[in-house]
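Here the structure is laid out as structure tokens; the discussion comes afterwards.
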There are 2 protein chains.
Amino acid sequence: MNDRVVPPTARRRRRPTKTGVVLSEELIVETALRLLKEHGADALTVRRLGLALGADPTALYRYFRDTDDLLLAIADELIGRTLRTWRPTGDWRADLRDLGLRMHADSLAHPQAAVLSSYRVTGRVHEIEAVETILGVLRGAGFPDPEAVRIYHAFVDQALAFAALDAASVALPRPAREAEADVWRATYARLPADSHPHIAATARHLVADMRRSAYPAALDLLLTAAAARLAEIEGQRTT
Amino acid sequence: MNDRVVPPTARRRRRPTKTGVVLSEELIVETALRLLKEHGADALTVRRLGLALGADPTALYRYFRDTDDLLLAIADELIGRTLRTWRPTGDWRADLRDLGLRMHADSLAHPQAAVLSSYRVTGRVHEIEAVETILGVLRGAGFPDPEAVRIYHAFVDQALAFAALDAASVALPRPAREAEADVWRATYARLPADSHPHIAATARHLVADMRRSAYPAALDLLLTAAAARLAEIEGQRTT
DNA sequence: TTAACAGGTCAACGCTGTTGACATAAGGTT
DNA sequence: AACCTTATGTCAACAGCGTTGACCTGTTAA
């Protein structure tokens, strides 16, 4: 265990580094996000982060226990950014659709961070705010509590899961990524109809569809089913 | 680029290692899966794999370009294993539900491998077989080709995405995993009702629901919406 | 003015994937 | 049966990784 970290609230002395930079949790998280965005997931190493900050790499360990702790801070910052740009209208289905697509899009804007952090429960402020907001939308729409939680869970995990899946593709090293795109054209689209009739029959659609994310389609399927369930519940209630 | 690899078909000479083991692609993949299962994701390193095989670590590079290439081979082997235990009945909805749950369960049985490989397109034999089979189920059910591809894509990517998401949780180092489980009880369940009314009202359900995977619920929502769409299509066809 | 100590720095640890050079046994050819 | 080619196992080395303990120094509270 690492006991070098001082809780942020107790931090008072801020000593500049050799290059004159004054470090802080926020500065480190921002710099890490910039590094990820500009140079890819492999660029986020303790040494490179130190270099980008203008500080000795090991100065990080005064702010975060280890790289995993830094990762959770990055994850929470991403949640916060997404939530900040979202404007709910009161129409639960449209609002959830919008939020889901935003979470997905924002993850793809920082694929390297999304890949590393989307499956983590941070328990930090922004995450808590997001949970509260989404539950509010569902309960406001009329879902009873157990149903609201069930749909909340499916909705959020679907968004996070697809965000991670698609971010992982985007985050692949360039050659590997191009190789994957080619597989559909070069391998699947060329399979003979007698051995693989279904692939051959739909090859045209496959090539076109597989290059896009399936998330919008999957999200709409989920919301459609949820709406049907809500109608069912309200039908029961009035009878 | 690494040109040490000889295509499997051209392999003729098999020279035993110092310890007498005769290497092969299959043996390496199996050993890698065993390592992952028994000792976790961090245990899969070139050196440890060499040790487990009873060979010099670098002998691997005669069979796989690099560790990524090995990973794809592992991924395809997992697909094959899942498909092999699946028995379709002819009822498309039940069959897809069963297949989805199997893919998910098998991934969780090898979480480390699933995390690393579920977002990859391997283009290898088992994957091709899976694509052909699932498309066959959907086309057989009566979905027109573009719709079949759309639903295929959403179904498969959702299964893979949830598999990766849930596998990632399972694959966390033990202390981190326990810390996450605690967050729901220790942080969320204790938020006061005046600042976080929706969380407070549903805390009981949250604690119970969030410890399970949301995949079965999400899968059922997807299949429900797909069935509704099929009914709609067939309605149009007869009018 | 001074004493305490947060926090920046440095050197070192054991680990990683990967490469190039080398050694040798398998197996087709003669 | 001897030979030659070459597939493939081995070895040493490289650069880079996260992390730690020891050290040093500027900031701040008293």
Side-chain angles (χ1 to χ4, degrees), chain A residues 1-28 31-32 35 39-72 112 116 173 175-176, chain B residues 1-28 31-32 35 39-72 112 116 173 175-176:
Chain A
M1 197 59 91
N2 184 332
D3 56 350
R4 301 154 96 109
V5 180
V6 167
T9 50
R11 243 173 234 286
R12 272 166 295 141
R13 311 181 190 195
R14 314 220 102 119
R15 177 178 175 179
T17 69
K18 260 190 169 172
T19 62
V21 186
V22 176
L23 297 179
S24 69
E25 251 185 83
E26 296 77 33
L27 180 63
I28 294 174
T31 307
L35 221 54
H39 303 105
D42 295 346
L44 188 60
T45 72
V46 174
R47 278 163 236 265
R48 268 200 268 250
L49 186 49
L51 201 67
L53 282 164
D56 187 275
T58 61
L60 284 180
Y61 292 94
R62 302 289 181 194
Y63 294 83
F64 301 96
R65 286 192 160 314
D66 50 28
T67 47
D68 190 68
D69 194 24
L70 169 60
L71 210 60
L72 291 185
Q112 337 285 355
L116 299 174
Chain B
M1 195 60 91
N2 185 333
D3 56 350
R4 302 154 95 110
V5 180
V6 166
T9 50
R11 247 171 230 288
R12 271 165 299 141
R13 311 182 191 194
R14 313 218 102 118
R15 179 177 174 180
T17 69
K18 262 189 169 174
T19 62
V21 186
V22 176
L23 296 178
S24 69
E25 249 184 83
E26 296 76 31
L27 180 62
I28 295 174
T31 308
L35 262 180
H39 302 105
D42 296 346
L44 187 60
T45 71
V46 174
R47 277 164 237 265
R48 268 201 268 251
L49 186 48
L51 200 68
L53 282 164
D56 188 276
T58 61
L60 284 181
Y61 292 94
R62 301 290 180 196
Y63 294 84
F64 301 96
R65 286 191 158 320
D66 50 29
T67 46
D68 190 69
D69 194 25
L70 169 60
L71 210 59
L72 291 184
Q112 337 285 357
L116 298 174

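Since this is a predicted model, take the numbers as computed values, not measurements. Proteins get letters first, then strands, A, B, ... in listed order; numbering begins at 1 in each.
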Separation of A:Leu49 atom CG from D:dT19 atom C1', in whole Å?
15 Å
Taken to the nearest whole Å, CZ/A:Arg65 to P/D:dT20 is 10 Å
Rounded to whole Å, how long is the line connecting atom CG of A:Leu60 with atom P of C:dT9?
11 Å
Check every strand shown and say whether B:Ala55 touches a base, only sugar-phosphate, or nothing at a heavy-atom separation below 4.0 Å.
sugar-phosphate
Excluding sequence neighbours, so at least two apart, what forms side chain to side chain contact (heavy atoms under 4.5 Å, CB included) with A:Thr67?
A:Val46
Nearest heavy-atom approach of A:Gly54 to A:Thr17 is O-OG1, 2.9 Å
Length of the line joining B:Asp66:CG and C:dT19:P, which is rounded to integer Å:
8 Å
Nearest heavy-atom contact between B:Thr31 and B:Leu27 is OG1-O, 2.7 Å
B:Val46 vs B:Pro16, nearer the 5' end of DNA chain C by closest nucleotide
B:Val46
In whole Å, I'd like the distance from the CG atom of B:Leu35 to the P atom of C:dT16.
12 Å
Nearest-angstrom distance from the residue atom CG of A:Leu71 to P of D:dG18:
12 Å
Side chain A:Asp66, main chain A:Asp69, donor-acceptor under 3.5 Å:
yes
Pick out the pairs of N or O atoms, protein on one side and nucleotides 11-14 of chain D on the other, that lie under 3.5 Å.
| residue | atom | partner | partner atom | Å |
| --- | --- | --- | --- | --- |
| D:dC11 | OP1 | B:Lys18 | NZ | 2.5 |
| D:dC11 | N4 | B:Thr58 | OG1 | 2.8 |

Euclidean distance, atom OH of residue A:Tyr61 to atom C1' of D:dG21 [Å, nearest integer]:
13 Å
Looking only at non-hydrogen atoms, find the nearest pair between B:Arg48 and B:Ala43 and report the distance.
NE-O, 3.2 Å
Would you indicate which nucleotide in D:dT27, D:dT8, C:dA26 comes nearest to any side-chain atom of B:Tyr63?
D:dT8
Between the base of D:dG9 and the side chain of B:Arg62, is there any donor-acceptor pair under 3.5 Å?
yes
B:Glu25 CD to D:dA7 P, straight-line distance once rounded to whole Å:
16 Å
Between B:Thr45 and C:dT16, does any side-chain N or O lie under 4.0 Å from OP1 or OP2?
yes
Taking every non-hydrogen atom, the tightest pair across A:Phe64 and A:Glu25
CZ-CG, 3.6 Å
Side chain to side chain contact (heavy atoms under 4.5 Å, CB included) involving B:Asp56 - partner list, sequence neighbours excluded:
B:Thr58
Side chain of A:Thr67, heavy atoms from C-beta onward: which of D:dG9, D:dT19, C:dT18 has the nearest atom to it?
D:dT19
